[in-house]
Amino acid sequence: MDFFAYKNNKLYCEDVDLQDIAMECGTPCYVYSKKTLERHVEVYKNAFKTKNNLICFSVKSLSNISILELINKNGCGFDVVSGGELKRTLYIGADPKKIIFSGVGKSYDEILLGIQEGILSFNVESEAEVYRIEEIASLQNKIVDVAIRFNPEVDSGGHEYIKTGRKGDKFGISSDDSVLKIANYIYESKNLNLVGLACHIGSQIMDLESYRLTAKNIKELSIKIKEIGNKLDFLDLGGGLGIPYENDKTPSPQDLISIIEAELMDVEQRIVLEPGRSISGNAGVLLTKVEYIKDNFLIADAAMNDLLRPALYKAKHDVWSLTESKAIDQVWTIVGPVCESADVIAKDHPINADVGDILAIKTAGAYGFVMSSNYNSRVRPAEILVDGQTFNIVRSRESFDDLIKNEINLND
Ligand SMILES: Cc1ncc(COP(=O)(O)O)c(C=O)c1O
């Protein structure tokens, strides 16, 4: 559920008319709803029947520091995949003991930072990474907590680019034998402590059966790991729950958690989840203005550099006019100004619109701003957070100075 809705024919975010934001902050801009973010966190937290579980919000889906602070205040931990994301969470005062560091290519410096800060766990994705963490831990004279990310061999559906849990995917460790060998190695290590078993089977998952199978696999593997002597603190089932991009029916966090809890009923470890999209996705829209009309095209001022998902994954986003129409009698292909044929926001989309109108690209909170770029020397859009009747800019629109600030003109 989200807090974007028409009131008296005008599209509101909570109690703010989105037209007012567009007028004051310009377009394109991302608008997030505080209430929606808070509600999604609450739904996740309240869905657990068992106590002492942990929701680690996936920072990669939406990483603005104001949003992270809000999510932190609401009791979540964080799943990070880079030193930059780790620094964001530390910057907003997150408890390191609620931070999980995932990712296949953690650098020496990133590991060092995580060790110095005493994070909950490095979710290791290869044998080589285990050796690297051990070496740094030994140099630092520390015992470092790690979890093994394995691939449960579950094909979760969805776009090829967002599947991650199959043998042969670049993420995680693919064979149970390798997992057990690594668990054995960690057990023997003076500088490593195995605290968890983790997996993440993909994103935009609609079929909860994949999670049931994953929970079954993680439980079986955790029993084998326990036999080695490691005492696991948590089982981490990653993120991935799908959300409605086109009004489709999607499973809820409650559905997800009840399936996982049923499968893991008798395990002693706490359950960790790393949701991203299902918390941030429909908490955000991207506002864009129609600049031109040509043939059947609405040419808008937002482009693939602002919202990459349609071009990258052929992802679909619903697009709403800020003024509600009783009947829609027009169909448009909405495109942006970037010089790529892939720069299509929505194809053959029914919407009444004219030049100068503002449109809201829905469900753009996750993997929206975070994937934006300066392609075509376009400045990145502003980000705005709505809270009831008020709104604040939480990231200013970039300027030309921002665009060139790291460039060096050799002729100067
Ligand atoms: C390790 C890991 N955890 C969590 C997530 C969040 O996934 P989602 O946003 O689909 O919930 C991702 C996303 O790719 C991921 O790679």
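Nothing here was measured: the structure is a model prediction, and the numbers come from that model. Start at 1 and go down the list; that is how both ligands and their atoms are numbered.
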Establish, yes or no, whether the cationic atom of Lys316 lies under 6.0 Å from the six-membered ring centre of Tyr245 and within 45° of the ring axis.
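Lys316 over Tyr245 ring: no.
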
For Glu209, does the CD atom sit with more than 12 other heavy atoms under 6.0 Å from it, leaving out its own atoms?
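Buried by this count: over 12 neighbours within 6.0 Å.
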
Would you say Arg378's side chain and Asn305's backbone share a donor-acceptor pair under 3.5 angstrom?
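No.
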
Subset of ligand 1 atoms that lie under 4.0 Å from at least one heavy atom of [X]:
X	result
Gly239	4 (C), 11 (O)
Arg149	1 (C)
Arg277	8 (P), 9 (O), 10 (O), 11 (O)

Indicate, with yes or no, if the rings of [X] and [Y] have centres closer together than 6.0 Å.
X	Y	result
Tyr6	Trp320	yes
Tyr131	Tyr185	yes
His200	Phe171	no

Could you check whether any heavy atom of [X] sits closer than 4.0 Å to an atom of ligand 1, since that is the contact criterion I want to use?
X	value
Pro275	yes
Tyr367	yes
Gly240	yes

Check each heavy atom of Glu274 against ligand 1 and say whether those closer than 4.0 Å belong to the side chain, the backbone, both or neither.
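Both the backbone and the side chain of Glu274 come within reach of ligand 1.
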
Among residues at least two apart in sequence or on other chains, which ones pass ring-ring contact (aromatic ring centres under 6.0 Å, His included) with Phe122?
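By the ring-ring contact (aromatic ring centres under 6.0 Å, His included) rule, Phe122 matches Phe101.
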
Just to verify, what does His349 make a ring-ring contact (aromatic ring centres under 6.0 Å, His included) with, not counting sequence neighbours?
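Not a single residue meets the ring-ring contact (aromatic ring centres under 6.0 Å, His included) criterion with His349.
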
Purely on distance, is any nitrogen or oxygen of [X] under 3.5 Å from one on ligand 1?
X	answer
Asp79	yes
Gly276	yes
Ser102	no
Lys60	yes

